[in-house]
Chemist: 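A single structure is presented below for examination.
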Amino acid sequence: MNKEYLLETQGLISKRSFNGCTKEAPVVCIWCCPDVLSTTLAEEEADRSLILGTDLGCSNPPPRKYDRHSSWLNVPKIWREEMERRVKHMETVCRDTTHSVDGSSARTGFPPMLYVDDRHRLIMCSMPKVGCTNGKRLLYALTGNVDMKSFHNFGSGKKVVSYKRFLPRLSQYSPFGAKLRLETYLKVIIVRHPLERLVSAYRGKLEGKGHPITGEAIYIAKRFETNPTPGMLTGKEGVSFQAFIDYLNSLDPNKDYNDHWESYIRLCDPCQIHYDVIARLESQGTDLNMMLKLIGMDDMLTYPEGDLPASSSAVWKKYFTEISRSDIRKIWQHYELDARLFNFTLDWY
């Protein structure tokens, strides 16, 4: 791509020249470095102090900000402003909190759920029980691991999980490579109400017969069921929701949980990653299709439409009707920071 190719923004014409790249202010030019878009002249000059670009064979270092490039003009203003509100709220909570960013002083490196799409300069945190199956299908399509035309119907849950080996994680890159991507890629996280996510995890992993987490189910049955059945004690039957809640309330919040009920803080580290797009499960169809516009792939891919209906909230809230207020308050303490970061509340109970 010609490095002098100009992307016009807002029709403003005021040409400049900067390091051999003709510019229009605030028109953006393409750098010689891997198709990374610059933003303002001030940012470009500031970014020269970073150790970026030196090892890439570029005369100019790439700028830090991907989230300010002109593709944000391609999405509706109302959605763009909603993202700004969500991100501002998250950043405010991060600044105000005294909680460690990942809930544990023992964790090192990058959180485990950050997947990278180098082709489209995208980092996505895809957590269990937050629409992760369809999210990974989308990532497989973007990275060329499945057919774009039929990615919606790709494989069963097990096959989708098995394909994770084809997705690079941010933790696999060198420190330089990870820093470069964090500072220049669009960063996306998908979230849902923490207690709704717990119900989804319980229903998928511990409820009824044929649940997939046998060892943990047996432990919960032995320790927290009042009258466990023989099936519970042998892992052939699931456990009660009350026993699951009692189990969670017994856990040390400073230690790792099972990924299906681990906190957003540990899995995605929002106070360190500084996400540009915060998609919510109840509006994921809209949010992820807007994300595809941002990376210029909306003409090739469409995320399955159909945001969660309002009735879905009644389903998970029903599980908590038999749980005491004191137990709900205890479990809320485990996930309170997750909730505050993404503006979820307990106002329904």
Side-chain angles (χ1 to χ4, degrees), residues 64-68 72 78-114 123-132 135 170 182-183 185-201 248-249 251-257 259-284 286-288 290-291 294 308 313 316 328-349:
R64 288 183 297 174
K65 296 289 186 180
Y66 178 86
D67 62 308
R68 296 291 181 261
W72 280 93
I78 188 171
W79 184 82
R80 188 167 68 243
E81 291 176 344
E82 175 61 24
M83 286 303 106
E84 290 172 356
R85 281 192 292 271
R86 292 178 189 179
V87 170
K88 183 179 180 180
H89 177 87
M90 176 188 72
E91 297 288 0
T92 299
V93 173
C94 286
R95 285 194 302 269
D96 294 345
T97 186
T98 57
H99 196 292
S100 65
V101 294
D102 65 357
S104 169
S105 59
R107 184 180 294 285
T108 58
F110 293 105
M113 300 294 170
L114 294 178
I123 296 173
M124 180 183 287
C125 188
S126 179
M127 294 176 285
K129 314 315 294 182
V130 190
C132 67
L170 190 66
L182 281 174
E183 292 177 336
Y185 284 20
L186 186 75
K187 299 176 290 294
V188 179
I189 184 173
I190 309 172
V191 298
R192 74 192 300 184
H193 195 292
L195 299 191
E196 178 184 17
R197 180 168 173 254
L198 286 185
V199 171
S200 179
L248 292 178
N249 279 333
L251 297 177
D252 182 347
N254 294 311
K255 295 182 179 179
D256 291 343
Y257 300 172
D259 284 347
H260 292 86
W261 41 87
E262 184 59 280
S263 68
Y264 296 155
I265 290 292
R266 283 216 183 99
L267 294 179
C268 295
D269 209 351
C271 291
Q272 291 291 341
I273 302 304
H274 305 292
Y275 293 95
D276 308 306
V277 172
I278 300 172
R280 294 170 70 108
L281 194 66
E282 62 266 29
S283 59
Q284 63 176 335
T286 300
D287 293 338
L288 293 183
M290 291 299 102
M291 180 205 77
L294 289 176
L308 287 183
S313 65
W316 69 266
I328 292 176
R329 284 194 292 269
K330 287 178 185 176
I331 202 69
W332 189 248
Q333 291 175 7
H334 289 251
Y335 301 98
E336 184 178 8
L337 182 53
D338 284 355
R340 287 198 294 117
L341 283 166
F342 302 111
N343 208 17
F344 295 111
T345 69
L346 267 183
D347 59 3
W348 50 271
Y349 97 108

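One-based numbering along the sequence shown.
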Chemist: Measuring only between side-chain heavy atoms, which start at C-beta, is Met127 closer than 4.5 Å to Ile190?
Modeler: no
Chemist: Does Arg85 have any salt bridge (charged side-chain N to carboxylate O under 4.0 Å, His left out) partners at least two apart in sequence or in another chain, and if so, which?
Modeler: Glu82
Chemist: Rounded at 0.5 Å granularity, tell me how far NE2 in His274 sits from NZ in Lys187.
Modeler: 8.5 Å
Chemist: Contact between Arg192 and Ser200 at the side-chain level, heavy atoms closer than 4.5 Å - yes or no?
Modeler: yes
Chemist: Using the rule given for side chain to side chain contact (heavy atoms under 4.5 Å, CB included), can you reason through Trp316 versus Leu195, listing the C-alpha separation, both sets of side-chain angles and the distance that settles it, and then say yes or no?
Modeler: CA-CA 8 Å; Trp316 69 266; Leu195 299 191; 3.7 Å; yes
Chemist: Tell me whether the centres of the aromatic rings in Trp261 and His334 are closer together than 6.0 Å.
Modeler: no
Chemist: About how many Å separate CD1 of Ile273 and CG of Leu170, when rounded to the nearest 0.5 Å?
Modeler: 6.5 Å
Chemist: Main chain of Met90, side chain of Tyr275: is a donor-acceptor contact present, judged purely on distance under 3.5 Å?
Modeler: no
Chemist: With a 4.5 Å cut-off on side-chain heavy atoms, are Asp338 and Phe344 touching?
Modeler: no
Chemist: Counting C-beta onward and ignoring hydrogens, is there a side-chain heavy-atom pair between Asp287 and Met83 closer than 4.5 Å?
Modeler: yes
Chemist: Would you say Ile331 and Pro194 make side-chain contact, with heavy atoms under 4.5 Å?
Modeler: no
Chemist: Is the backbone N or O of Ala339 less than 3.5 Å from a side-chain atom of His193, with the two atoms forming a donor-acceptor pair by type?
Modeler: no
Chemist: Once you round to the nearest 0.5 Å, how far does SG of Cys271 lie from CG of Leu341?
Modeler: 5.0 Å
Chemist: Is there a side-chain contact between Arg280 and Arg86 (heavy atoms, below 4.5 Å)?
Modeler: yes
Chemist: Report the relative orientation of the aromatic rings in Phe342 and Tyr264; use parallel for angles under 30°, tilted for 30 to 60°, perpendicular for over 60°.
Modeler: perpendicular
Chemist: With the side chain counted from C-beta on, respond yes when Trp79 and Val277 share a heavy-atom pair under 4.5 Å apart, and no when they do not.
Modeler: yes
Chemist: Arg340 vs Asp96, test: side chain to side chain contact (heavy atoms under 4.5 Å, CB included). Steps then yes/no.
Modeler: CA-CA 11 Å; Arg340 287 198 294 117; Asp96 294 345; 5.7 Å; no
Chemist: Just verifying a value: how many Å separate Glu336 CD and Thr97 OG1, rounded to the nearest 0.5 Å?
Modeler: 9.0 Å
Chemist: How many angstroms lie between CE in Met291 and CG in Leu294, if you round to the nearest 0.5 Å?
Modeler: 8.0 Å
Chemist: Do Val87 and Ile278 have side-chain heavy atoms sitting under 4.5 Å apart?
Modeler: yes
Chemist: With distance as the sole test, does Arg266 use its side chain to make a donor-acceptor pair with the main-chain N or O of Pro112 at under 3.5 Å?
Modeler: no
Chemist: May I have the step-by-step check of side chain to side chain contact (heavy atoms under 4.5 Å, CB included) for Val191 and Arg197, ending in yes or no?
Modeler: CA-CA 9 Å; Val191 298; Arg197 180 168 173 254; over 6 Å; no
Chemist: Any idea which heavy atoms bring Gly131 and Gln284 closest together, and the distance?
Modeler: CA-OE1, 4.4 Å
Chemist: Looking only at non-hydrogen atoms, find the nearest pair between Glu262 and Asp256 and report the distance.
Modeler: OE2-CA, 3.4 Å
Chemist: Going from NE2 on His260 to SG on Cys132, what distance comes out if it is rounded to the nearest 0.5 angstrom?
Modeler: 7.0 Å
